[in-house]
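Presented below is the structure to which this report refers.
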Amino acid sequence: MADNLNESLPFQPVVIIGAARSGTNALRDMLVQLPGVATWPCDEINPIWRHGNIRHPDDELPDTAARDDVRRFVRGAFRNIWKAQGRPDIVIEKTCANSLRVPFVAAVLPEAKFIYIVRDGVAVVASARKRWRGELEVRGLPYFLAKARYAPLSDLPFYAGSVLARRISIRLGLKEHMGVWGPRFADMGRFAHEPVEALCARQWQACIDSSDAAFATMAEDRLFTLSYEALTADPLAMLDRLTGFLGMEASAEARSAAAGKIRRGGAGKRPSDLPDMDRVMEILDAPMRRHGYI
């Protein structure tokens, strides 16, 4: 059935917002252990969010891009996964590129609640640089096929070509790092000549700046903000707060089992041996100060 844009979805959509390598996967995987909570059986659904705007040069879709056809398509995708997953009370979604377009997401899903997770920018850069270099590519074909399953058929050639070209360039040694990995901020190409550590820092900065600006005016009952460090320090305490925010009940046993998915102390110490550390810290300075990391 086509989605009625004036009718609320028959479940609570919850969107996790966070820069890449900030613990968004771990947070989602913890929450979906609770009864009545489900998500897509793949990592991210950026092709669904980008459908109808696939030629936009970056992931920074403005709220005006949430046209009726776009809203109908994305909301229909949420409704379909809700049915496929047994009609749960809550559907969780995590796509890191959404950190660059929160107003767009809010326009598509005006009934959504948001969970915003932030991690120390230096730790993010240390982790993200491995992805940019094509390292940690252990998921292989099944990972990409799982994501492709939910991509609109008309958009598949576009994504398949871009993914293949990036990885071939890395494997052949034609490039030190991928042209694009993770959320694509506006004018990212201008910084392609910079060391990969600086590029990672700019990506984190863009995601945090955009999300901070959007959430500054969002109603408190729609937004829960946490840090990755607090989540890994005491997962059960954080989960108790999250279930309260979501208005859901779960037994002590269920909450304890879900919190067990998080590795306590997983944030570790801040890396101190990154190349170009002075430049990285210069880029990260303002958002790191806003979030109390400096």
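Only this structure's heavy atoms are used, side chains among them; waters, hydrogens and symmetry mates stay out.
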- Message: For F224 and F114: C-alpha separation, side-chain torsions, deciding distance, then whether ring-ring contact (aromatic ring centres under 6.0 Å, His included) applies.
- Response: CA-CA 6 Å; F224 186 100; F114 292 84; over 10 Å; no
- Would D285 and R289 count as a salt bridge (Lys or Arg N to Asp or Glu O under 4.0 Å) if you check the C-alpha gap in whole Å, the side-chain angles of each, and the deciding distance to 0.1 Å? CA-CA 6 Å; D285 185 78; R289 289 185 186 279; 3.0 Å; yes
- Message: Working note: T24 + I117, criterion side chain to side chain contact (heavy atoms under 4.5 Å, CB included); need CA distance, chi angles, decisive distance, verdict.
- Response: CA-CA 7 Å; T24 54; I117 184 168; 3.6 Å; yes
- Message: Using the rule given for side chain to side chain contact (heavy atoms under 4.5 Å, CB included), can you reason through M238 versus L226, listing the C-alpha separation, both sets of side-chain angles and the distance that settles it, and then say yes or no?
- Response: CA-CA 8 Å; M238 187 60 71; L226 72 154; 3.7 Å; yes
- Start with the C-alpha gap between D43 and R28, add the side-chain angles, then the distance that decides, and say whether salt bridge (Lys or Arg N to Asp or Glu O under 4.0 Å) holds. CA-CA 10 Å; D43 187 28; R28 176 201 59 204; 3.6 Å; yes
- Message: side chain to side chain contact (heavy atoms under 4.5 Å, CB included) for I115 and I17? Distances and angles first, verdict last.
- Response: CA-CA 6 Å; I115 302 175; I17 297 293; over 6 Å; no
- Task: Test M218 against L223 for side chain to side chain contact (heavy atoms under 4.5 Å, CB included), laying out the working first.
- Result: CA-CA 7 Å; M218 183 168 286; L223 174 64; 4.2 Å; yes
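For residues 221-230, the pairs satisfying side chain to side chain donor-acceptor pair (under 3.5 Å) are E229-Y293, with sequence neighbours left out. The ring pair (Phe, Tyr, Trp, His ring centres under 6.0 Å) pairs that include a residue from residues 251-277 number zero, where partners must be two or more places apart or lie in different chains.
In this structure, F215 and Y116 have tilted ring planes: the angle between them lies in the 30° to 60° band. Classification of the F73-H51 ring pair by plane angle, with boundaries at 30° and 60°, yields tilted.
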Side chains of residues 97-107: which donor-acceptor partners sit under 3.5 Å, not counting sequence neighbours?
unit_1 : atom_1 : unit_2 : atom_2 : d
N98    : OD1    : R101   : NE     : 2.7
N98    : OD1    : R101   : NH2    : 3.0
N98    : ND2    : E93    : OE1    : 3.3
S99    : OG     : C96    : O      : 2.7
R101   : NH1    : N46    : OD1    : 3.4
R101   : NH1    : D59    : O      : 3.4
R101   : NH1    : D59    : OD1    : 3.4
R101   : NH2    : N46    : OD1    : 2.6

Could you list the donor-acceptor pairs under 3.5 angstrom formed by side chains in residues 239-248, with sequence neighbours left out?
unit_1 : atom_1 : unit_2 : atom_2 : d
D240   : OD1    : R255   : NH1    : 2.6
T243   : OG1    : L239   : O      : 3.2
T243   : OG1    : D240   : O      : 2.9

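For W204 and F185, the ring centers sit 6.0 Å or farther from each other.
Taken together through direct or relayed side-chain contacts under 4.5 Å among Ile, Leu, Val, Met, Phe, Trp and Tyr, L284 and I294 form part of one hydrophobic cluster. When hydrophobic clusters are built by joining Ile, Leu, Val, Met, Phe, Trp and Tyr residues whose side-chain heavy atoms come closer than 4.5 Å, directly or via intermediates, V118 is not grouped with L231. If you chain together hydrophobic residues whose side chains sit under 4.5 Å apart, L61 and I48 fall into the same group. V91 and L27 end up in different hydrophobic clusters when Ile, Leu, Val, Met, Phe, Trp and Tyr side chains are linked at under 4.5 Å. In this structure, I16 is not a member of the same hydrophobic cluster as I208, with clusters built from ILVMFWY side-chain heavy atoms closer than 4.5 Å.
Between D120 and R270 a salt bridge is recorded (basic side-chain N to carboxylate O distance below 4.0 Å). Using a cut-off of 4.0 Å between Lys/Arg side-chain N and Asp/Glu carboxylate O, R75 and E111 are scored as salt-bridged.
A distance of 8.5 Å separates CH2 in W181 from CH2 in W132, rounded to the nearest 0.5 Å.
The salt bridge (Lys or Arg N to Asp or Glu O under 4.0 Å) check on D209 picks up R290, with sequence neighbours excluded. A search for side-chain contact (heavy atoms from CB on, under 4.5 Å) contacts involving E249 returns nothing, not counting sequence neighbours.
Of the possible polar contacts, none joining the R119 side chain to the V124 backbone as a donor-acceptor pair under 3.5 Å is found. In terms of modelled atom types and a separation under 3.5 Å, the side chain of T95 and the main chain of I45 share a donor-acceptor contact. A donor-acceptor pair under 3.5 Å links the side-chain atoms of S211 to the main chain of C207, judged by distance alone. Within the 3.5 Å criterion, the main-chain N or O of A259 finds no donor-acceptor partner in the side chain of Q33. Side-chain atoms of Q203 come within 3.5 Å of backbone N or O of P183 as a donor-acceptor pair.
The closest side-chain donor-acceptor pair between R21 and S127 falls under 3.5 angstrom.
Heavy-atom minimum distance, P62 versus H56: CD-CE1, 4.1 Å. When all heavy atoms of I81 and P41 are compared, the pair lying nearest together is CD1-CD, 4.0 Å. Residue A250 comes nearest to L34 through the heavy atom pair CB-CD2, 4.0 Å, listed as atom of the first residue, atom of the second, then distance. Scanning both residues, P235 and A233, for their nearest heavy atoms gives CD-C, 3.9 Å. In terms of heavy atoms, V15 sits closest to A112 at CG2-CB, 4.3 Å. R50 and D58 make their closest contact through NH1-O, 3.2 Å (heavy atoms, listed as atom of the first residue, atom of the second, distance).
Contact check for I283 versus R279: side-chain heavy atoms found under the 4.5 Å cut-off. A heavy-atom distance below 4.5 Å is not found between the side chains of L199 and R129. Put simply, the side chain of E194 does not reach to within 4.5 Å of the side chain of D276, judged on heavy atoms. Taking 4.5 Å as the limit, some side-chain heavy atom of L109 sits within range of a side-chain heavy atom of F78. Side chains of D89 and V37 form no contact here, defined as non-hydrogen atoms less than 4.5 Å apart. The shortest side-chain heavy-atom distance between Q85 and T39 does not fall under the 4.5 Å cut-off.
When the shell of 6.0 Å around NZ of K113 is examined, it contains more than 12 heavy atoms from other residues, nucleotides or ligands.
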